[in-house]
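The structure appears right after this line, and notes come after that.
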Amino acid sequence: MEKQRTLLLIKPDSVHRGLIGRIINRFEEKGFNISAMKLIWMKREQAEDLYSPHVGKSFYEPTVEYMTSSPIVAVVVGGFDAINQVRKMNGATRPNEADPGSIRGDFGQRVDNNCVHGSDSLESALREIPIFFKDEEILDYERCIYRWL
Ligand code: IDP
Ligand code: MG
């Protein structure tokens, strides 16, 4: 198993509902590193770039509108098998199909307000992270002198 970095977004509905801390907490409890984090109001170009694989689908434009409608938190989560683990912890795309215990399963109801985003593959993570972070904004825990985990 290899260490990976993945993009987690805490979507507008979650920020609005005061769930930032509880969502971050799940990944901290799991032992993942928060390698970068910022509260931003996503620009339209960023949302279009993020969802470019979905251009032409019926939900593309509403999703771009939703993601730019109010602030979000962008996070780089790092750790072993982080890409798949974060997707699992986020839960199925449709919150009504997401398992209880997952973020979408516990906090969401509708697919168009589904709480979080997680990169779906290594290729996606490598494409998505730079939409939000410069290389130097992503911290390397391997450099820490003291290790607690
Ligand atoms: P994912 O976020 O679980 O990777 P994707 O299929 O990549 O799911 O879809 C991207 C986002 O587009 C979803 O998280 C959701 O916000 C939105 N979306 C996907 N399918 C629908 C739909 O059928 N109706 C409305 N919004 C959708
Ligand atoms: Mg996706």
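All of these numbers come straight from a predicted model, not from anything done at the bench.
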Please tell me whether Phe32 and Ile20 are part of a single hydrophobic cluster in this structure, the criterion being side-chain heavy atoms less than 4.5 Å apart.
yes

Just so I know, are the side chains of Asp112 and Pro62 near enough to count as touching, which here means a heavy-atom distance under 4.5 Å?
no

Indicate the atoms forming the closest heavy-atom contact of Pro95 with Gly108, along with that distance.
CB-C, 3.4 Å

Kindly give the cluster partners of Ile83, where membership spreads through any ILVMFWY side chain lying under 4.5 Å from a current member.
Leu122, Leu126

For the CG atom of Asn33 and the CD1 atom of Ile138, what is their distance to the nearest 0.5 Å?
13.0 Å

For a 4.5 angstrom cut-off between non-hydrogen side-chain atoms, does Met42 reach Leu9?
yes

Same hydrophobic cluster for Met37 and Ile72, using side-chain heavy-atom links shorter than 4.5 Å among ILVMFWY?
no

Reported CD1-to-CG distance for the pair Ile23 and Leu8, which is rounded to 0.5 angstrom
7.5 Å

Verify the cluster assignment for Val55 and Ile131: are they in a single hydrophobic cluster under the rule of side-chain heavy atoms below 4.5 Å apart?
yes

Tell me yes or no: between the side chains of Asn113 and Lys11, is some donor less than 3.5 Å from an acceptor?
no

Does Tyr141 reach the main-chain N or O of Gly79 with its side chain, forming a donor-acceptor pair under 3.5 Å?
no

Which heavy atom in Gly105 sits nearest to a heavy atom in Ser102, and how many Å separate them?
N-OG, 3.0 Å

Does one hydrophobic cluster hold both Val75 and Ile40, with members joined at side-chain heavy-atom distances below 4.5 Å?
no

Does atom CZ of Arg17 have more than 12 heavy-atom neighbours from other groups under 6.0 Å away?
yes

Measure the shortest side-chain to side-chain distance between Phe133 and Leu7 over non-hydrogen atoms and say whether it is less than 4.5 angstrom.
yes

Backbone of Lys134 reached by a side-chain donor or acceptor of Glu137 within 3.5 Å
yes

Which pairs pass side-chain hydrogen bond (donor to acceptor under 3.5 Å, both in side chains) with one or both residues in residues 84-96, sequence neighbours excluded?
Asp81-Gln85

Decide yes or no for Asn114 and Arg110: does some side-chain heavy atom of the first lie under 4.5 Å from some side-chain heavy atom of the second?
no

Strictly by ring pair (Phe, Tyr, Trp, His ring centres under 6.0 Å), give each pair with a member in residues 46-68 just once, sequence neighbours left out.
His54-Phe59

Are side-chain heavy atoms of Lys3 and Glu142 found at a separation under 4.5 Å?
yes

Run the salt-bridge test on Arg104 and Glu97 with the 4.0 Å N-O cut-off and return the result as yes or no.
no

Shortest non-hydrogen contact from Ala82 to Val77?
CB-O, 4.0 Å

If you look at every heavy atom in Thr6 and Val86, which pair is closest and at what distance?
CG2-CG2, 3.7 Å

Heavy-atom count around Glu123 CD within 6.0 Å, excluding the residue itself: above 12?
no

Would one find more than 12 heavy atoms of other residues, nucleotides or ligands at under 6.0 Å from atom CD of Gln109?
no

Does a sphere of radius 6.0 Å around CG in Asp140 hold more than 12 heavy atoms from other residues, nucleotides or ligands, not counting ones at 6.0 Å or beyond?
yes

Sort and list the pairs that fulfil side-chain hydrogen bond (donor to acceptor under 3.5 Å, both in side chains) and have at least one residue in residues 67-80, not counting sequence neighbours.
none

Tell me, do Phe107 and Val116 make a side-chain contact under 4.5 Å, heavy atoms counted?
no

Could you tell me the separation between the CE atom of Met67 and the CD atom of Gln46, rounded to the nearest 0.5 Å?
10.0 Å

Sequence neighbours excluded, which residues qualify as side-chain contact (heavy atoms from CB on, under 4.5 Å) partners of Glu65?
Arg44, Glu61

Closest contact, heavy atoms only, Asp106 versus Gly101:
OD1-N, 2.7 Å

Set of residues satisfying side-chain hydrogen bond (donor to acceptor under 3.5 Å, both in side chains) with respect to Arg5, sequence neighbours excluded
none

Is there side-chain contact between Lys38 and Val73, with at least one heavy-atom pair below 4.5 Å?
no

Nearest heavy-atom pair of Pro53 and Arg127: which atoms, and what distance?
CD-NH2, 3.5 Å

Side chain proximity check, Ile103 to Phe27, heavy atoms < 4.5 angstrom
yes

